[in-house]
Amino acid sequence: AEKAEAKKEEQEERLEKAKEKKEQQEEITEQLSDVTEYMAEMDNSMGDVQKELKKITEEMKLLEEDLKGAAVDVQS
């Protein structure tokens, strides 16, 4: 009877450890999912920043051309 009780306790301990391990794995999976989502958002943000910088650069080039044209007009 003692052997059966000891075996039962051992099985319960194994089950408890397995449950804890599963919970840890689920937590890690959730954290990885959060990190992946965050990285995707950052990627989108970087794309937006790059588009905005390109737009500003193009506007600066146009302004530079306008200033050159104005300088030519003043010299004439």
Side-chain angles (χ1 to χ4, degrees):
E2 286 182 29
K3 282 186 178 182
E5 185 66 31
K7 200 169 195 175
K8 183 179 177 184
E9 284 181 22
E10 187 178 314
Q11 287 176 341
E12 287 175 355
E13 286 178 25
R14 285 183 184 170
L15 183 61
E16 186 63 33
K17 285 181 182 179
K19 284 181 182 179
E20 288 175 10
K21 198 170 198 174
K22 183 180 178 188
E23 287 174 5
Q24 288 175 344
Q25 288 175 337
E26 287 173 352
E27 188 175 317
I28 290 170
T29 301
E30 186 176 327
Q31 289 173 350
L32 285 172
S33 176
D34 291 346
V35 168
T36 302
E37 185 177 324
Y38 176 76
M39 290 178 72
E41 289 173 10
M42 288 299 296
D43 191 39
N44 288 339
S45 294
M46 288 302 294
D48 291 345
V49 168
Q50 288 175 335
K51 287 178 189 175
E52 193 64 30
L53 286 172
K54 185 175 180 178
K55 179 180 170 187
I56 291 170
T57 303
E58 289 171 1
E59 289 174 357
M60 288 175 65
K61 286 179 184 176
L62 291 174
L63 181 59
E64 183 180 351
E65 292 299 318
D66 287 346
L67 289 173
K68 285 180 183 176
V72 170
D73 289 344
V74 169
Q75 290 176 358
S76 300

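The chain is numbered in sequence order, starting from 1.
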Asks: If I take atom NZ from residue K22 and atom CD from residue Q24, how far apart are they, to the nearest 0.5 angstrom?
Replies: 13.5 Å
Asks: Any donor-acceptor pair under 3.5 Å linking the side chain of T29 with the backbone of Q25?
Replies: yes
Asks: Please set out all donor-acceptor pairs under 3.5 angstrom arising from side-chain atoms of residues 40-63, sequence neighbours excluded.
Replies:
unit_1: S45; atom_1: OG; unit_2: E41; atom_2: O; d: 3.1
unit_1: T57; atom_1: OG1; unit_2: L53; atom_2: O; d: 2.8

Asks: Looking at residues at least two apart in the chain, or sitting in another chain, which of them share a salt bridge (Lys or Arg N to Asp or Glu O under 4.0 Å) with E10?
Replies: R14
Asks: Do NZ/NE/NH1/NH2 and the carboxylate oxygens of K68 and E64 come within less than 4.0 Å?
Replies: yes
Asks: For the side chain to side chain contact (heavy atoms under 4.5 Å, CB included) test, which of E13, E12, E20 pairs with E16?
Replies: E20
Asks: Just wondering, are more than 12 heavy atoms of other shown residues or ligands nearer than 6.0 Å to CD in E30?
Replies: no
